[in-house]
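Accompanying notes for the structure given below.
Letters A, B, ... mirror the listed sequences (proteins, then strands); counts begin at 1.
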2 protein chains.
Amino acid sequence: MSQRKTTIREVASRAGVSLGTASNVFNDKTSVAAESRQRVLDAAEALGYRPNSLAAGLRRQRTRTIGLVVPDVLNIVFNELVEHLENLALSQAYEVIIVTSREDPEREHERVRALLSRRVDGLIIIPTRDWSATEREMRHHRIPVVVLDRVAAKDHFPSVASDNAAATRAGTDYLLGLGHRDLAFVINSTRLWNSAARVDGFLAAMRDAGLQDRARVLLPGMTEEETRAGVLPVLAGPDRPTAIFTGSNVATLGVLRAVQDAGLAIPQDLSLLAFDDFAWLTVLRPFVSAIRQPTEALAGHAWRILTAGFEAPDRAAEHIRLPAPLIARETTAAPPAMKAFSPARRRATEEAGPP
Amino acid sequence: MSQRKTTIREVASRAGVSLGTASNVFNDKTSVAAESRQRVLDAAEALGYRPNSLAAGLRRQRTRTIGLVVPDVLNIVFNELVEHLENLALSQAYEVIIVTSREDPEREHERVRALLSRRVDGLIIIPTRDWSATEREMRHHRIPVVVLDRVAAKDHFPSVASDNAAATRAGTDYLLGLGHRDLAFVINSTRLWNSAARVDGFLAAMRDAGLQDRARVLLPGMTEEETRAGVLPVLAGPDRPTAIFTGSNVATLGVLRAVQDAGLAIPQDLSLLAFDDFAWLTVLRPFVSAIRQPTEALAGHAWRILTAGFEAPDRAAEHIRLPAPLIARETTAAPPAMKAFSPARRRATEEAGPP
DNA sequence: CTGTTAGCGCGTTCAA
DNA sequence: TTGAACGCGCTAACAG
């Protein structure tokens, strides 16, 4: 109940050993006599001793802490990554400090500096659209960095992500196979390199099918609401696509709202394929077809590469790309044009056109 | 590009001032000549100086860091709380370190000790079912603590939560007003005090309506899957309730899966009211009626009380309870018994009984 | 196996 | 307004 926290010095003196011996007990380095060890442990327990990791880190020049930079706490994919990374870190007696950039490059930079001030041993970052300032900062400091999820075509740092282009290419092929010809790909931004890769995969598949003219890419904005507002006109318009492929879960949420607003039925009027899968997609109707990112494997590689960087700081940067499988559920079906008369389509057309 | 990070001493020497002056610049305490100040800032910039917060915290005996203990990173309610708390902390130049207990009392205790080792200035905790060990630890250390969300009837520490009993009472009254008489309340555990309060509110409303005999409380377990498995038999059974009130979003998810498995239609066969609201509930059909916790206000109070504790450590513990409004959407309707012949009900009965 | 000592980088005296 | 000295709590190195 002391005001000042108890120090290792007090523990040592109560145990009747020297400070160095007590330290050795807590860091079980060199052998300590079993008897002394027990007395130190008892003293620590009695005093409620909690090692001061600030002092230890200062002295040791290593904190056994890694920083994790995430754009958004409310995005389920990031949270899955966080969860797996935390498991890995704790299993090796590392701590992780999470900071959030809120998709803001300036804030990202500032938060990374805070991490640097805490002297983290390494950094895993899911960057914002423009993290050039942050990246420059990181190059200056000699700690291992791994770029996760939002990777660039050619990162300076090691990178780990899904194979976005292959996934959207496969997803597009799947929609084409269902009979769709008018496809729209909805994504928040192409300034994110992984988003750009998703668009590339979509466009490549459309091109291969000779449908480049029917391929639309919509970039309504970074938020759910912007997505809703931006997509609604095209859903309500006369040349509505028969299938929408969303490039992120933010886009999915926005598109679903726009579909509600437009009064369309999925998949009768419109098919929907989502990038990013999670629990709620499989519990309310219709179950959303989705591409699932292998978050556990992604986290595993990121951690492996980061810790390898602790041992050998100057190895060549590894770049991992993992396949992201498609899970077909209820929102993807043949397009309305291939069916008989469709009341829903007629309704939409009536609403869109003049009386 | 130096191996060792640059220190304030190097900054001072490059700026041609003493260490103490440089320190004053970064902590803008006592007045420093504008000229000296600028030279220090320039030197810091040129050297890529990052203050060492370990050393600062060690010396200052305050880290301007608070710890936040959360049971689960994947729960949206906790994440909303985290987001708001982080906003508040950053706005006052505090940092927050998040740790997760994974609903495990032992892990919670261990994670809190890690926070203590980091010498956090205060702690906000959403506790596990049995956090007595953690609580004992916290009482021994003299830092402000605020219990959030999962509060007890009478906490030793200040506490902030929704008024759970009032919310479920109002929710139950709403279902009764719709004509329901057979209600089941599904929740993960009553060892959580706030969960117990939710059950109390439900039972009180049923008792006041003279329906205590028709009130069922189901406790299928802590996970979504346990909930599904535990609820399915009662949904498939002959005396299925006409409405289900879920006490947490984990329970909601599990019940929705069980409803799928049982082949029931909501709200035709069964009404559903959920505790905890979030984006996906309003985007896939049917839109789920829910009780929304005021997460921003909860976070605001928690932060206010915590920071008040920094100034006046020995004030009486405040206990805040905030109203959580009900948002009626599509999953709550009159019970099937009040309508004409209901095929869905008949089907369920047939499936349940012998041929 | 144990005790002693010297910093880790910084903020805070206090004297000049 | 500035500079020098001290110590926050701990670990590492070395002597015993």
Side-chain angles (χ1 to χ4, degrees), chain A residues 2-41 43-44 47-65 93 113-114 116-121 141, chain B residues 2-40 43-44 47-65 93 114 116-121 141:
Chain A
S2 54
Q3 184 65 300
R4 165 87 79 263
K5 316 231 22 165
T6 88
T7 72
I8 198 173
R9 181 165 263 119
E10 304 173 51
V11 172
S13 105
R14 183 184 230 262
V17 301
S18 82
L19 185 162
T21 301
S23 174
N24 284 338
V25 169
F26 295 118
N27 301 288
D28 43 34
K29 294 290 267 301
T30 54
S31 46
V32 175
E35 184 194 10
S36 312
R37 161 178 308 267
Q38 194 53 52
R39 291 171 56 197
V40 169
L41 260 18
L47 264 24
Y49 170 66
R50 297 295 156 251
N52 184 328
S53 65
L54 273 49
L58 180 60
R59 174 65 241 227
R60 195 164 2 196
Q61 299 287 77
R62 276 173 45 253
T63 53
R64 284 197 89 81
T65 300
R113 291 165 84 127
L116 258 12
S117 271
R118 284 187 183 280
R119 297 297 189 262
V120 293
D121 294 337
H141 299 268
Chain B
S2 53
Q3 183 67 299
R4 164 84 80 263
K5 317 230 26 164
T6 87
T7 72
I8 198 172
R9 179 166 265 117
E10 304 172 53
V11 173
S13 105
R14 183 185 230 261
V17 301
S18 84
L19 185 162
T21 301
S23 174
N24 283 337
V25 169
F26 296 116
N27 302 285
D28 42 33
K29 296 289 270 303
T30 53
S31 46
V32 175
E35 185 194 10
S36 314
R37 161 178 307 271
Q38 194 52 52
R39 292 172 56 198
V40 169
L47 262 26
Y49 169 67
R50 297 295 156 253
N52 185 328
S53 64
L54 270 49
L58 182 59
R59 173 65 239 216
R60 196 163 4 197
Q61 298 288 78
R62 276 173 46 252
T63 53
R64 283 198 90 82
T65 300
L116 260 9
S117 272
R118 284 188 183 279
R119 297 297 187 262
V120 293
D121 294 338
H141 300 268

Among the candidates [options], find the nucleotide nearest to the side-chain atoms of [X].
X	options	answer
A:Ser36	C:dT2, C:dG11, D:dG9	C:dT2
B:Val17	D:dT2, C:dG11, D:dG3	D:dG3
A:Thr7	D:dG9, D:dT11, C:dG9	D:dG9
B:Asn52	D:dT11, C:dC10, D:dG9	C:dC10
B:Leu19	C:dG11, C:dG3, C:dG9	C:dG11
B:Arg59	D:dC8, D:dG9, D:dT2	D:dC8

What's the shortest heavy-atom distance between [X] and [Y], and which atoms?
X	Y	answer
B:Lys5	B:Glu10	O-OE2, 3.8 Å
B:Leu54	A:Arg119	CD2-CB, 4.4 Å
A:Ala12	A:Ala22	CB-CB, 3.9 Å
A:Ser117	B:Pro51	OG-O, 2.7 Å

Taking for B:Arg50 and for A:Thr21 the nucleotide of DNA chain C with the nearest heavy atom, the one nearer the 5' end belongs to A:Thr21
To the nearest 10 degrees, what angle separates the axes at the start and end of the helix from C:dC1-D:dG16 to C:dA16-D:dT1, five pairs each?
40°
Can you tabulate the close N/O pairs, meaning under 3.5 Å, that link protein atoms to atoms of nucleotides 14-16 of chain C?
none

Going by the side chain to side chain contact (heavy atoms under 4.5 Å, CB included) test, name the single residue among A:Asn24, A:Val32, A:Val11 that passes it with A:Val40.
A:Val11
Starting at the 5' end of DNA chain D, which residue's closest nucleotide do you reach first, A:Phe26 or B:Gly16?
B:Gly16
Specify the residue among B:Leu58 and A:Gly20 whose closest nucleotide of DNA chain D lies further upstream toward the 5′ end.
B:Leu58
Kindly compute the distance separating [atom1] ([X]) from [atom2] ([Y]), expressed to the nearest 0.5 Å.
X	Y	atom1	atom2	value
A:Leu47	A:Arg14	CG	CZ	5.5 Å
A:Ile8	A:Ser13	CD1	OG	12.0 Å
B:Arg60	B:Asn27	CZ	CG	5.0 Å
B:Asn52	A:Gln61	CG	CD	7.5 Å
B:Arg118	B:Thr65	CZ	OG1	9.0 Å
A:Leu41	A:Gln38	CG	CD	5.5 Å

Look at [X] and [N] and indicate whether a side-chain polar atom (N or O) is within less than 4.0 Å of OP1 or OP2.
X	N	answer
A:Ser23	D:dT11	yes
A:Arg60	D:dT11	yes
A:Gln61	C:dG9	yes

Starting at atom [atom1] of [X], determine the distance to atom [atom2] of [N], rounded to an integer number of angstrom.
X	N	atom1	atom2	answer
A:Leu54	D:dC10	CG	C1'	11 Å
A:Arg119	C:dG9	CZ	C1'	8 Å
B:Arg62	C:dG11	CZ	C1'	12 Å
A:Asn27	D:dG9	CG	P	17 Å
B:Asn24	D:dA4	CG	C1'	14 Å
A:Glu10	D:dC8	CD	P	11 Å
B:Arg64	C:dG11	CZ	P	13 Å
B:Ile8	D:dT2	CD1	C1'	14 Å

Within the 4.0 Å heavy-atom criterion, would you say A:Tyr49 contacts the bases, only the backbone, or no part of the nucleic acid?
sugar-phosphate
